[in-house]
Structure formats: structure tokens, C-alpha cells
A.B. asks: 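Below you'll find the structure I mean.
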Amino acid sequence: MSTALAPARTDERLTGVPGEPLDHRRYRRMRFIRRFEETLLQLFEEGALNGTTHACIGQEADAVAVTEHLTEGDHIFSNHRCHGHYLAHSGDALGLMAEIMGKEAGVCRGLGGSQHICAPGFKSNGVQGGIVPNAAGIALANQLSGNDAVSVVFIGDGTLGEGVVYETLNMASLWKLPLLVVCEDNRWAQSTPIAANMAGSFPGRFSAFGVPVRSVDSTDVAEISQAAGQEIAAVRAGEGPRVLLIHTYRLCHHSKSDDERPEQEIAERWLVEPLVVHGRRLSDSDRLRIDDEVETALGEVVATARALP
Ligand SMILES: Cc1ncc(C[n+]2csc(CCOP(=O)(O)OP(=O)(O)O)c2C)c(N)n1
């Protein structure tokens with residue numbers, strides 16, 4: 001996990017109990033993100049929250065795997081679907097819940113909401129692709145400072161339609177910036193399937209700029225972590241920008257209710273979602289114990305956040 005945690009707002013029942021096996025910790029962290037977002041959707045349904053939100057249900061393994069390889073000084077840049085990235089980075093469940101509730105104690109004093117988080121080592125922005133140049137800018141600053149910090153920017157497949165991504169890739173490649181682009185291909189951009197908006201190939205979009213692409217077609221946190229670790233190590237070693245392309249799936253609607261995807265397609269993906277795939281590595285009793293601990297801790301977070309001014 002990133003070391004840029006805000007200790008007062010994290011809870012080891014959500015982020016990892018000292019000494020527990022890595023498999024348990026990974027399961028706990030994915031379960032935490034899953035239940036946090038399911039709780040959010042429920043709060044929206046109850047009318048307890050305003051605005052909109054985009055959950056990453058089904059994509060939790062990406063956030064957990066990538067952040068395992070980041071450390072103090074590194075920066076994460078995210079997008080409209082940022083909760084999993086932020087929670088994996090910071091563990092700050094209370095700060096994010098309070099933020100989305102519009103409370104003063106929120107990570108951005110309740111002004112940023114679900115999509116616009118500004119915290120130590122973490123920035124997100126709801127404008128598709130808009131934050132990619134910022135990630136390169138911080139990467140350039142780190143390069144000029146002579147440290148080995150990296151910038152990691154998460155984008156979706158649909159964001160490959162944004163020109164600013166290519167302008168950034170061009171300069172990042174020329175300047176050998178310490179930048180990792182993590183492209184989460186969840187097969188759909190809102191209601192548009194990838195086949196309807198992508199000419200050419202995924203890797204071609206990056207190799208045109210001489211940027212190496214590593215593809216992982218998996219929802220297995222261990223497999224994604226192995227790939228992420230190697231890519232981040234190469235970026236940190238000064239080899240220039242790289243892309244980690246993760247083929248995954250979004251199990252929930254695009255935002256709160258919009259979903260035009262075939263039901264059969266979604267049903268099939270529930271069988272291979274990250275908690276199911278990784279959960280098989282744990283005994284039933286360990287899984288249930290962790291589920292209970294996460295549930296209790298999250299219940300406390302929601303109650304505390306609700307009571308905040
Ligand atoms: C510049 C811009 N255009 C349109 C939107 C509206 N919008 C928000 S998310 C989204 C789809 C994004 O798809 P993708 O990049 O694949 O990410 P995903 O939602 O699948 O995680 C759109 C069109 C936006 N936020 N910014």
C-alpha cells in the first residue's frame with residue numbers, strides 16, 4: 001500500500017491487519033472498496049446523497065494491485081471512477097464518505113464530491129483525459145528533481161478518444177518521463193461498446209509513440225499485481241513511460257442507474273469478478289471473518305460521517 005496514508009482516518013479492519021497473510025489483506029482491501037461503493041449506491045437510493053457517482057464494482061483488483069507498488073512521493077491521478085483508486089491509496093474511508101456527503105470534514109471539505117479528490121499523492125478529475133497532462137507534469141517535476149518517484153494515471157478505454165492523451169504520450173515519450181498509464185478497459189464507455197468507438201488496436205495507440213504496452217486480461221489481483229510491479233519498477237528505473245492495459249469489466253451501471261448492456265454479458269462477468277477469483281485462495285471462515293470486520297468498520301464510518309456537521 002502507498003505509505004501516504006492519513007493514519008487518523010484509516011482503519012486496519014479495512015486496509016489490512018498487521019501480520020495477516022497477503023492473500024487476506026488483498027481480499028480485505030477489495031472487499032472494503034466493494035462494500036464502500038455498494039453502500040454509497042444504497043445511500044443515493046435512499047436520497048441521502050446528492051449529485052452523481054461512478055462505482056468501480058468489478059474493477060477493484062486494479063486499484064489494489066497497482067497501489068501495492070507505490071510509495072511515499074509517488075502520485076496517483078484518477079478520473080470520474082476514482083473511489084477504488086483513492087481508497088486503495090489512502091484507506092481514508094471516512095474522508096471520502098464525508099466528502100461525498102458534502103461535509104466539512106471531507107477530504108476536500110465537501111467541495112470536490114465523488115469525482116474531484118485532491119489529497120496528498122492523489123488527484124482526480126471528472127473531465128475525461130483532462131488530468132493526463134497533470135500526471136506528466138508531476139512526472140517531469142520529479143525527473144528534474146532527480147528523485148525516483150513515479151506518476152501513475154488511470155484512464156478508461158473510452159478516454160482513448162481524447163486528443164490530450166496523445167499529446168501527453170508524445171512529450172512523455174520524448175522526455176522519458178516517469179509515467180505509468182494504467183488503462184482500465186472495462187469494454188464500455190458509458191453506453192458505447194469499445195468495438196463501436198475504437199479504430200486500430202489498443203497497443204497501437206501507444207506504440208505509435210514508442211511507449212511499451214503490457215496487456216493483462218484478468219480480474220486476478222495477484223496476476224495484475226505482478227504485471228504492475230514490473231511496469232512500475234521499469235518506470236522508476238528511468239526507462240520512460242509505459243502502459244499497463246488491464247482488460248476488465250464494470251459490473252455496475254455507468255453511474256447511478258444507466259445501463260444498456262446485455263444482461264447475459266453482465267451475468268457471465270459476475271462469475272469471474274475479483275472477489276470470487278481471489279476469494280478462492282481463502283478458507284470460507286477467513287473470508288466470512290474478514291467480511292464481518294469490513295462490515296462493522298464501514299458501518300462505523302457511515303454513522304460517523306452522517307453525524308458530522
Ligand atoms: C471530456 C469529457 N467528455 C465526456 C464526459 C462524460 N463522460 C463521463 S465518463 C464517460 C465515459 C468514459 O468511459 P471510459 O473512459 O471508458 O471510462 P469508464 O467510465 O468506462 O470507467 C463519459 C462520456 C466527460 N466526463 N468528459
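When a ligand or atom number is given, it counts from 1 through the structure's own listing order. We're numbering straight along the sequence, starting at 1.
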A.B. asks: Among R280, Q226, R281, whose side-chain hydrogen bond (donor to acceptor under 3.5 Å, both in side chains) with D220 holds?
C.D. replies: R281
A.B. asks: Ignoring hydrogens and geometry beyond distance, is a side-chain donor-acceptor pair present between E184 and H85 at under 3.5 Å?
C.D. replies: yes
A.B. asks: At less than 4.0 angstrom from any atom of ligand 1, which residues have a non-hydrogen atom? List them by chain and residue number.
C.D. replies: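 Around ligand 1, where the cutoff is 4.0 Å for heavy atoms, the contacting residues are H80, R81, G126, V127, Q128, G156, D157, G158, T159, E162, N186, W188, A189, Q190, H254.
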A.B. asks: Tell me the ring-ring contact (aromatic ring centres under 6.0 Å, His included) pairs involving residues 33-60, sequence neighbours left out?
C.D. replies: H54-H80, H54-H254
A.B. asks: Let me know which of E268, E265, Q59 forms a side-chain hydrogen bond (donor to acceptor under 3.5 Å, both in side chains) with Y249.
C.D. replies: E265
A.B. asks: So if you build clusters from Ile, Leu, Val, Met, Phe, Trp, Tyr with side-chain heavy-atom gaps below 4.5 Å, do F206 and V235 land together?
C.D. replies: no
A.B. asks: L308 versus E104: any side-chain heavy-atom pair under 4.5 Å?
C.D. replies: no
